[in-house]
There are 2 protein chains.
Amino acid sequence: MTETSSGGTALRREPGRPLWEQLLEDLRLRLDADAFTHGFPGEHALVEEYGVSRHTVRQAVKVLRDEGLVVAGRGRPSRQAEPVEIAQRLGALYSLYESVRAMGLDQRSVVRSLGTRADGVVATRLGLEESTPLVYLERLRYAGDEPLALDRVWLPHSLAAPLLDADFTRGALYERYAELCGVVLTGGGERIQPILPTPAEHRLLGGSSTTAAFSIQRLGRAKRRPVEWRHTLVRGDRFALTTDFSRKDGYHLDLLGAPDRTDPRR
Amino acid sequence: MTETSSGGTALRREPGRPLWEQLLEDLRLRLDADAFTHGFPGEHALVEEYGVSRHTVRQAVKVLRDEGLVVAGRGRPSRQAEPVEIAQRLGALYSLYESVRAMGLDQRSVVRSLGTRADGVVATRLGLEESTPLVYLERLRYAGDEPLALDRVWLPHSLAAPLLDADFTRGALYERYAELCGVVLTGGGERIQPILPTPAEHRLLGGSSTTAAFSIQRLGRAKRRPVEWRHTLVRGDRFALTTDFSRKDGYHLDLLGAPDRTDPRR
DNA sequence: CAGTGGTCTAGACCACCGA
DNA sequence: CGGTGGTCTAGACCACTGC
């Protein structure tokens, strides 16, 4: 058993370490290696391939499905999910985009800067040499006629050079990053802090000089490799992170309807 | 089968509707009716009581555990979770408390105000008449020797009067609210915005006059009824909301180790 | 020690989907 | 139709907890 062709590593039955965990780990490795471009194996196939019971297979695959890496449904064979959706659908930036869209407002950007530069600090955050050239994109995002956010993105020049001629007045950096450069986000993280924008930033964003802002710093990864550093400033007087304890979907960055600072929903 | 004493409704085997879903529904009814105050039944007990397989039982119970309504662990019998924990375990305030605890710092508060007052705006948010008397508690929370947060709470006087003599220098408003008043939070919501504290608030919290803060507004409910309005200011230079896209547990309010403003984790 | 939940097996039938 | 995932059974052994 456990001896098959396709590429699954043999599972050693150690006590203390669940079998399904080893199976999960192995599947992750194969996903990272793009071994399933022609379709993710079915559950019965995995049962045979690894020589474990179906229950064990389902326990491992469930984790991947919960993470959105694999999609499956009754009747249809399992497929590997498009990685784009994963990273794009997460984080405060996406919920910002979504909440504005939900209000029916037009979203566009004014490109304030697009070019190549070196930045030692950002390069280090991306795990690159300090002198590594980076593509820098600075946009002021609007919803309707109002400025919403100041968005600054640094990308490795070696990957993102084709973006230097692209048009960014209408959203979706990630789409172009994928189309033109073949870079697809699969992970990363965010950090949000409250800050007081500089006078220059205040002039761009609008609002009074004592209006604070969300500072959202985001590191994007493609296959564990950092491919994006982003620093976005969002007006604090028109947006809020909200959550309802009875649901479990965490915080959303929502556009505030009326100019009040009152009630958590429901 | 399926005929037992304790109170479980018989499960009808309809096709199309999963058995575990019916079981879950029945368990929820019994939870709502406080039928498990002397301990939640073990899995094997449920197998016998409902006449289904253990797998089916686990599938139903898993949902309750994910929701935090039931706690279980290897070796120990299952217990119904204290409802307090549910609401307390959620939201930025709890993750603030947890992250400070994780750093091994002592958490205490200085009570700046505790008394009865009327506040039309807050009363309205609590769904009360404007003139309704409220218990007002204002505390400055410390971690170690550093001020962390300024915490202001309004509670309906009709419920919270016994708290007027309580000692709040050491955390856990909710514990006392439950002990002394029989009020246990079961739901609610939060809203987080970045703000610039007033000079008076700055003096309390410390930090420079241009340091922004998280403004956390929280409405707490017990059985749908609003029982708490809270407004907390958290220093923005020492805390951040962070998340990792590869996990799904949403944002956490974390104490920043070093005074840097750099990388989203991993 | 006995009882708990965690893991795992080897089956089975079904609802659903695409060809 | 055949193959998929969804559900369910009736067992089993183990690790851990508390007495």
Side-chain angles (χ1 to χ4, degrees), chain A residues 1-4 6 8 10-27 31 36 38-81, chain B residues 1-4 6 8 10-27 31 36 38-81:
Chain A
M1 251 137 258
T2 311
E3 274 312 324
T4 27
S6 351
L11 302 181
R12 314 161 302 289
R13 244 124 170 141
E14 333 165 2
R17 175 148 146 129
L19 244 192
W20 64 264
E21 210 173 291
Q22 294 180 48
L23 173 54
L24 170 61
E25 186 181 317
D26 196 58
L27 291 174
L31 279 169
F36 299 131
H38 298 309
F40 192 83
E43 296 179 356
H44 300 276
L46 291 173
V47 165
E48 297 222 352
E49 184 176 345
Y50 286 94
V52 297
S53 83
R54 184 145 165 246
H55 178 69
T56 306
V57 165
R58 281 175 67 80
Q59 211 160 345
V61 172
K62 179 177 193 313
V63 177
L64 299 175
R65 301 216 282 176
D66 285 348
E67 292 176 356
L69 295 168
V70 168
V71 290
R74 195 167 354 209
R76 266 162 311 127
S78 301
R79 304 175 299 279
Q80 183 170 0
Chain B
M1 252 130 262
T2 311
E3 274 312 323
T4 27
S6 351
L11 302 181
R12 316 158 303 288
R13 242 117 175 147
E14 332 165 2
R17 175 151 144 128
L19 243 192
W20 63 263
E21 210 172 291
Q22 294 181 49
L23 174 54
L24 171 60
E25 187 180 315
D26 196 59
L27 290 175
L31 278 170
F36 298 132
H38 297 308
F40 192 83
E43 296 178 355
H44 300 276
L46 290 172
V47 165
E48 296 221 353
E49 182 176 345
Y50 286 94
V52 298
S53 81
R54 183 142 167 248
H55 179 69
T56 306
V57 166
R58 282 176 66 80
Q59 212 160 344
V61 172
K62 178 178 193 314
V63 178
L64 299 175
R65 301 217 279 174
D66 286 348
E67 291 176 357
L69 295 170
V70 168
V71 289
R74 188 163 1 203
R76 268 162 310 128
S78 299
R79 302 174 300 280
Q80 179 172 3

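Predicted model only: the values in this text are computed from it and were never measured. The analysis underlying the following values was restricted to heavy atoms, covering all of them including side chains, and did not include hydrogens, waters or symmetry mates.
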May I ask you to evaluate whether B/Thr56 reaches the phosphate of D/dT7, defined as a side-chain N or O under 4.0 Å from OP1 or OP2?
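It does not, given that no N or O in the side chain of B/Thr56 lies less than 4.0 Å from OP1 or OP2 of D/dT7.
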Taking 4.0 Å as the cut-off, does a side-chain nitrogen or oxygen of B/Arg58 come that near to OP1 or OP2 on C/dG6?
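Looking at the OP1 and OP2 atoms of C/dG6, one of them is under 4.0 Å from a side-chain N or O of B/Arg58.
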Per [X] side chain, nearest of listed nucleotides [options]:
| X | options | answer |
| --- | --- | --- |
| A/Ser78 | C/dC8, D/dG5, C/dT4 | D/dG5 |
| A/Glu43 | C/dG18, C/dT4, D/dG5 | D/dG5 |
| A/Pro18 | D/dC8, C/dT7, D/dT17 | C/dT7 |
| A/Arg74 | D/dG5, C/dT9, C/dG6 | D/dG5 |
| B/Ala72 | C/dG5, D/dG6, D/dC8 | C/dG5 |

[atom1] of [X] versus [atom2] of [N]: gap in Å, rounded?
| X | N | atom1 | atom2 | value |
| --- | --- | --- | --- | --- |
| B/Arg76 | D/dC19 | CZ | P | 12 Å |
| B/Leu19 | C/dA15 | CG | C1' | 15 Å |
| A/Leu46 | C/dT9 | CG | P | 13 Å |
| A/Leu23 | C/dT9 | CG | P | 10 Å |
| A/Arg65 | D/dT4 | CZ | C1' | 11 Å |
| B/His44 | D/dA10 | NE2 | C1' | 13 Å |
| A/Lys62 | C/dT7 | NZ | C1' | 16 Å |
| A/Leu64 | D/dG5 | CG | C1' | 15 Å |

Working to the nearest 0.5 angstrom, can you tell me the gap between B/Arg58 CZ and B/Thr56 OG1?
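The distance works out to 11.5 Å.
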When rounded to the nearest 0.5 angstrom, what distance separates NZ in A/Lys62 from CD in A/Gln59?
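CD of A/Gln59 is found 9.5 Å from NZ of A/Lys62.
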Nearest heavy atom decides the nucleotide; on that basis, is B/Gly75 or A/His55 closer to the 5' end of DNA chain C?
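Between the two, 5'-proximity favours B/Gly75.
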A/Pro77 or A/Ser53, whichever maps to the more 5' nucleotide of DNA chain C:
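Here A/Ser53 is the residue nearer the 5' end.
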Is there a side-chain contact between B/Val52 and B/Trp20, using heavy atoms and a 4.5 Å cut-off?
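Not touching, per the 4.5 Å side-chain cut-off.
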Categorize A/Arg79 for me: base, sugar-phosphate, or nothing, with a 4.0 angstrom heavy-atom threshold over every strand shown.
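Nothing: the residue A/Arg79, judged by heavy atoms under 4.0 Å, touches no strand.
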Has the side chain of A/Arg54 got a donor or acceptor that lies under 3.5 Å from a partner of the other kind on the base of D/dG6?
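Present.
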So, using salt bridge (Lys or Arg N to Asp or Glu O under 4.0 Å) as the criterion, who are the partners of A/Arg79 when residues are at least two apart?
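Testing A/Arg79 for salt bridge (Lys or Arg N to Asp or Glu O under 4.0 Å), a comparison that skips the adjacent residues, returns none.
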Exactly one of B/Leu46, B/Asp66, B/Leu69, B/Leu23 should register a side-chain contact (heavy atoms from CB on, under 4.5 Å) with B/Val61. Which one does?
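For B/Val61, the side-chain contact (heavy atoms from CB on, under 4.5 Å) test succeeds with only one of B/Leu46, B/Asp66, B/Leu69, B/Leu23, which is B/Leu46.
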